[in-house]
Amino acid sequence: MATPPSSGEFERDVVVIGGGGHVGLPLAIAFADRGARVAIYDVSEEAVERVNAARLPFDEPGALPLLERAVAGGRLTASTDPAIVGTAENVVVVIGTPVDEHLNPNQTAIPKALGGCSPYLRDGQLLVLRSTVFPGVTALVEKISSASGSRSRSRSAPSGSPRARR
């Protein structure tokens, strides 16, 4: 694995953690379609291979030509290597919060996802949680970021459709 750069310019604008799924991939495609240099970090080798081959793993109307153009233009790439997290100024986490059979949330999903890539967080990065999170998760993410030695900023963005929040 690569060593994270210590300072200087970022190679990419955005990295989407968990970006091979139904939320992260359309988001990454939209960023790339607007000219951003985007990376996807996903633990699924199959998802990464599909993205890098410009193949959608699910039906998303209108997305395939955008994905093909972004990959062909070098604006979108995917990797299973957590070091890719250190290459972007903005880090967007789109990990879902799983629930058990009684609908109790498993609050360890996001911290677990960040565990492998936290050593690659860099000073100056903006870390955005674009996931449904429960009280205390954002503070836990800030602790993980601080423990890595990074002075990245953590923010939470509302998740879900407007209809779901009514």
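Fair warning: this is a prediction, and the values are worked out from it, not measured in the lab.
- One N or O on the side chain of Arg75 and one on the backbone of Ala32 form a donor-acceptor pair closer than 3.5 Å.
- Of all non-hydrogen atoms in Arg69 and Leu66, the two that sit nearest each other are NH2-CD2, 2.8 Å.
- Sorted by first then second residue, the ring pair (Phe, Tyr, Trp, His ring centres under 6.0 Å) pairs that include residues 66-92, not counting sequence neighbours, number zero.
- Distance CG/Leu64 to CD1/Ile29: 8.5 Å, rounded to 0.5 Å.
- The two residues Ile95 and Gly18 have their closest heavy-atom pair at CD1-CA, 3.8 Å.
- Taking all atoms of both residues into account, the shortest heavy-atom contact from Ser79 to Asp81 is OG-N, 2.9 Å.
- In terms of heavy atoms, Leu121 sits closest to Val85 at CD2-CG1, 3.8 Å.
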Q) side chain to side chain contact (heavy atoms under 4.5 Å, CB included) between Asn52 and Val71: does it pass, once the steps are laid out? A) CA-CA 7 Å; Asn52 288 332; Val71 170; 5.7 Å; no
Q.
Quick one, Thr87 with Arg37, criterion side chain to side chain contact (heavy atoms under 4.5 Å, CB included). Give me CA distance, side-chain angles, the key distance, then yes/no.
A. CA-CA 10 Å; Thr87 67; Arg37 299 162 299 165; over 6 Å; no
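- Closest heavy-atom contact between Ile17 and Cys117: CD1-SG, 3.8 Å.
- Two different hydrophobic clusters hold Val48 and Ile84 under the rule that ILVMFWY side chains link at heavy-atom gaps under 4.5 Å.
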Q: Quick one: do Phe10 and Gln125 satisfy side chain to side chain contact (heavy atoms under 4.5 Å, CB included)? Show the steps, please.
A: CA-CA 9 Å; Phe10 290 95; Gln125 285 181 310; 3.7 Å; yes
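- For the atom pair Arg122 CZ and Leu127 CG, the distance stands at 14.0 Å (nearest 0.5 Å).
- Minimum interatomic distance between Leu25 and Pro57 (heavy atoms only, all atoms of both residues): CD2-CD, 3.6 Å.
- For the atom pair CG of Asp42 and CZ of Arg50, the computed distance is 10.0 Å after rounding to the nearest 0.5 Å.
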**Q.** Check against side chain to side chain contact (heavy atoms under 4.5 Å, CB included), Val94 and Val16
**A.** CA-CA 7 Å; Val94 294; Val16 181; 3.7 Å; yes
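- Pairs engaging residues 14-54 under the ring pair (Phe, Tyr, Trp, His ring centres under 6.0 Å) rule: His22-Phe58 [sequence neighbours left out].
- Atom CD of Glu60 has more than 12 heavy atoms from other residues, nucleotides or ligands within 6.0 Å.
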